[in-house]
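What follows is a short report on a single structure.
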Amino acid sequence: MKCRKCGNKASIHMRQHKLALCKEHYLDWIPEQTERFIKKYQMFARDEKILVAVSGGKDSLSLWDILARLGYQADGLYLALGIDEGINYSHESQRLSQKFADEHNLKLHVVDIEKEYGKNIPQLAVISHRGDGRPCAVCGLAKRHEMNRIARDLGYDALATGHNLDDEAAVLFGNTLNWLSEYILRQSPVLPASSDGLSRKVKPLCRFYEREMTAYAILRGIEYIYEECPFATGSQAILYKETLNQLETARPGAKLTFFLNFLEAKKSGNLFVEKNVEMQRLHSCPRCGQPTSAPELCSFCRMIQKAETISTM
Ligand code: AMP
Ligand code: FES
Ligand code: ZN
Ligand code: ZN
């Protein structure tokens, strides 16, 4: 497989885009596309201050890298959650986030939940009895709260997270399976700030596949934490991602189409709208008498009529 831009050996082949690129051109293509999405969804402008929520994983570190390369004013925020049983997940992800910031001369704010509130996430989960025994619900709640607090208190114009297409498609899939229409309607690449104190939230990577972000991080030489949070094992999100991956294998592009068609339907106001107008326009077919929206004969009668003319020829 050859790079479409220069003809050298390709490093990555993206079946869903019918596009293969060498390392150099791939590392240009990702920021170009990101810039396109930032503009398309009107996420933020060059003179605005962005706070990137960095977890030490490939997506958020790559996002920070891309925004810095594009010349945006982007500082980082790392939330120390205190999840250190077993693999030292929080310590290691903080170390890698700090290392990235230092090497690229970027500013990283660190907020330690335990220092701030006296308890870490696993301890808060035990105390609060929220969720299914995992600390994930408490963790999500604390992350949303703290990200918004810091973005607002420090005067950032927008808060950016590293959610990729696989994340977004899995959330949409889960919400659709359960018909959580309010959540579905709220899912978006950009949520505007609200007058009551919610900061603007943006997801510049929401149209990139997870494997595209992994490739970017590796080809850029970004050191990131490979392990998922130890509490993520067996979660619903992982099940939905696996299901969508099966679909993607059978139909390349399925994940992207699922997400983009959703955004399109939402934008054109076609989501959850009953088409009563259409129903009213039905009339009865002059040949069979059944209701139809076709101008004259219903589609079935037209087919039979055609068949009749052919058999008499
Ligand atoms: P997750 O919910 O773990 O899939 O993470 C989604 C996004 O939330 C990441 O891409 C980051 O932008 C952000 N994030 C997750 N964990 C942290 C953290 N400990 N500190 C700051 N941001 C985080
Ligand atoms: Fe929060 Fe796993 S429980 S990252
Ligand atoms: Zn090339
Ligand atoms: Zn008919």
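Each ligand, and each atom within it, is numbered from 1 in the order the structure gives.
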Per-pair distances, ligand 1 N/O vs protein N/O, less than 3.5 Å:
unit_1, atom_1, unit_2, atom_2, d
ligand 1, 10 (O), Gly162, N, 3.0
ligand 1, 12 (O), Ala53, O, 2.6
ligand 1, 12 (O), Gly162, N, 3.0
ligand 1, 19 (N), Leu79, O, 3.0
ligand 1, 20 (N), Val54, O, 3.2
ligand 1, 20 (N), Leu79, N, 2.9

Query raised in the report: Should Lys58 and Glu210 count as an ion pair when the cut-off is N to O under 4.0 Å?
Result: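 Salt bridge flag = yes for Glu210 with Lys58.
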Query raised in the report: Salt bridge or not for Glu248 and Arg211, using N-O below 4.0 Å?
Result: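 Looking at Glu248 and Arg211, the cut-off is not met.
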Report task. Quick one: sort the Phe259 and Phe262 rings into parallel, tilted or perpendicular, breaks at 30° and 60°. Result ->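 Rings of Phe259 and Phe262: tilted, as their planes differ by 30° to 60°.
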Do the non-hydrogen side-chain atoms of [X] and [Y] ever get within less than 4.5 Å of each other?
X      : Y      : result
Trp64  : His104 : no
Ser181 : Phe272 : yes
Tyr240 : Leu177 : yes

Report task. Round to 10° and report the angle made at the Zn ion (ligand 3) by SG of Cys3 and SG of Cys6. Result ->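 Roughly 110°, rounded to 10°.
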Query raised in the report: When you draw lines from the Zn ion (ligand 3) to ND1 of His25 and to SG of Cys22, what angle lies between them, to the nearest 10°?
Result: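 It comes to 100°.
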**Report entry** The single option from His109, Glu48, Gln73 passing side chain to side chain donor-acceptor pair (under 3.5 Å) against Tyr156
**Finding:**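 Going through the options one by one, the only one that passes is His109.
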Query raised in the report: Under 3.5 Å, is there a donor-acceptor pair between the Lys255 and Asn245 side chains?
Result: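 Looking only at side-chain atoms, Asn245 and Lys255 do form a donor-acceptor pair, the distance falling under 3.5 Å.
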Requested in this report: Answer yes if the ring centres of Phe208 and Phe37 are under 6.0 angstrom apart, and no otherwise.
Outcome: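 Yes, the ring centres sit under 6.0 Å apart.
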**Report entry** Polar protein atoms (N, O or S) that approach atom 1 (Fe) of ligand 2 to under 2.8 Å
**Finding:**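 The answer, once waters are left aside, is Cys139 SG.
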Report task. Step by step, work out the side-chain hydrogen bond (donor to acceptor under 3.5 Å, both in side chains) result for Tyr226 and Glu92. Result -> CA-CA 10 Å; Tyr226 293 109; Glu92 189 57 8; over 6 Å; no
